[in-house]
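Each remark here refers to the structure printed beneath this line.
In this text, all values refer to a predicted model and were calculated from it rather than measured experimentally. Any value given below was found using the heavy atoms of this structure, including those in side chains, with hydrogens, waters and symmetry copies removed.
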Amino acid sequence: QVHLAESGGGMVQTGGSLRLSCAASGRTFSSLNMAWFRQAPGKEREFVAGVSRGRELTQYADSVKGRFTISRDNVKNTANLQMNSLKPEDTAVYYCAAGDYTSDDAEYDWWGQGTQVSVSS
């Protein structure tokens, strides 16, 4: 069993930045591939970014490439999402997930409770 807890959400203006953090416990963190997903009101959950267990691989949704950076700290057992140049369309609940290294949310076994990110125009 893996417990994931997100933090760092909030409200910013267009062009602002936020840093999300996901604290993991319950299993060796370095054995987990980690990802961030998001879900906006009335929309399906979508992949944002992923990082492999050894940090050697990362992947991003086209909509966030060049603006978001995913990272992980295998000593502190955290996965982070640095979000820059935020846009109103980035407004969503952001979820941390652990599972396979993939953009398919069905392949992730553990999920956090989510943190709200709101970007005003």
Output every pair passing disulfide (SG to SG under 2.5 Å) with a member in residues 34-83, not counting sequence neighbours, ordered by first then second residue.
none
Tell me the disulfide (SG to SG under 2.5 Å) pairs involving residues 9-66, sequence neighbours left out?
C22-C96
List the atom of [X], the atom of [Y], and the distance in Å for their closest heavy-atom pair.
| X | Y | value |
| --- | --- | --- |
| R53 | S31 | NE-O, 3.1 Å |
| G50 | F47 | N-CZ, 3.3 Å |
| A92 | Q39 | CB-O, 3.4 Å |
| A35 | Y108 | CB-OH, 3.4 Å |

Please list all pairs meeting salt bridge (Lys or Arg N to Asp or Glu O under 4.0 Å) that have one or both residues in [range], counting only residues at least two apart or in different chains.
| range | result |
| --- | --- |
| residues 91-105 | R45-D105 |
| residues 70-84 | none |
| residues 6-16 | none |

Kindly write out the residues that satisfy side-chain contact (heavy atoms from CB on, under 4.5 Å) with [X], not counting sequence neighbours, or none if the list is empty.
| X | result |
| --- | --- |
| D109 | none |
| S71 | R19, N80 |
| S30 | T28, N74 |

What distance separates [X] [atom1] from [Y] [atom2], expressed to the nearest 0.5 Å?
| X | Y | atom1 | atom2 | value |
| --- | --- | --- | --- | --- |
| K87 | S121 | NZ | OG | 14.0 Å |
| T91 | M11 | OG1 | CE | 8.0 Å |
| R38 | E46 | CZ | CD | 4.5 Å |

Which residues share a side-chain hydrogen bond (donor to acceptor under 3.5 Å, both in side chains) with [X], sequence neighbours left out:
| X | result |
| --- | --- |
| R67 | D90 |
| E89 | none |
| E107 | none |

Using the side chain to side chain donor-acceptor pair (under 3.5 Å) rule, take S17 and N84 through it: C-alpha gap first, then chi angles, then the decisive distance, then the call.
CA-CA 4 Å; S17 298; N84 299 327; 2.9 Å; yes
Would you confirm whether Y101, through its side chain, and T58, through its main-chain N or O, come within 3.5 Å as a donor-acceptor pair?
yes
Ignoring hydrogens and geometry, is there a side-chain-to-backbone donor-acceptor pair from T14 to S120 under 3.5 Å?
yes
Cluster partners of L4, using ILVMFWY side-chain heavy atoms under 4.5 angstrom, listed by chain and number?
V2, V12, L18, L20, F29, L32, M34, W36, V48, V51, Y60, V64, F68, I70, L81, M83, L86, Y94, W110, V117, V119
Evaluate whether atom CD of E44 has more than 12 neighbouring non-hydrogen atoms of other residues, nucleotides or ligands under 6.0 angstrom away.
no
